[in-house]
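Okay, structure first, notes after.
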Amino acid sequence: MIALNLLEGYDLKSLGHNSADYIHTNVEALKLAMADRETYLGDMDFIKIPYAGLLSKEYANARRKLIDPPKPHLNCGRDPRKNS
């Protein structure tokens, strides 16, 4: 769901299926989603998972700004409880 929220802001069809831009955009969204998963998801018996923040449209909009078409992003960490 996190990756899909990120990709919602792109016209993937216009990028062309399996084009370099299409693959890059998908990979970058998945990298950000996996970084969030690694940082915030775990055993709910021991931690409070910020689902509302992770799945919010505002958080996706903020994270989407990290996807730069010409280059890969190396630092994916971010706090979903802070939307700015």
With sequence neighbours left out, which residue pairs that include part of residues 1-23 fulfil the salt bridge (charged side-chain N to carboxylate O under 4.0 Å, His left out) condition? Glu8-Lys57
Leu30 reachable from Leu4 in the ILVMFWY side-chain graph, under 4.5 Å edges: no
Nearest atoms (heavy-atom pairs only) where Thr25 meets Leu15: OG1-CD1, 3.8 Å
First locate atom OH of Tyr10, then atom CD1 of Ile67, and finally report the distance between them rounded to the nearest 0.5 Å. 4.0 Å
Do Leu12 and Asn26 come within less than 4.5 Å of each other through their side chains, counting heavy atoms only? yes
Minimum heavy-atom distance between Ile49 and Met44, given as atom pair plus value: CD1-CG, 3.3 Å
Going from CD on Glu28 to CG on Leu7, what distance comes out if it is rounded to the nearest 0.5 angstrom? 11.0 Å
Could you report the tightest heavy-atom contact between Ala29 and Leu6, atom names first, then the distance? O-CD1, 3.5 Å
Could you list the residues that satisfy side chain to side chain contact (heavy atoms under 4.5 Å, CB included) with Asn61, not counting sequence neighbours? Arg64
Mind checking the CG-CD spacing from Asn5 to Glu58? Nearest 0.5 Å is all I need. 10.0 Å
Say whether Asp36 and Tyr59, considering side chains only, have a donor N or O and an acceptor N or O under 3.5 Å apart. yes
Would you check, one step at a time, whether the test side chain to side chain contact (heavy atoms under 4.5 Å, CB included) holds for Leu41 with Leu54? CA-CA 10 Å; Leu41 300 184; Leu54 287 170; 3.9 Å; yes
For Tyr51, what residues pass the ring pair (Phe, Tyr, Trp, His ring centres under 6.0 Å) criterion, not counting sequence neighbours? none
Rounded at 0.5 Å granularity, tell me how far CE in Met34 sits from OG1 in Thr39. 11.5 Å
Met1 and Leu55: which non-hydrogen atoms are nearest, and at how many Å? CB-CD2, 3.6 Å
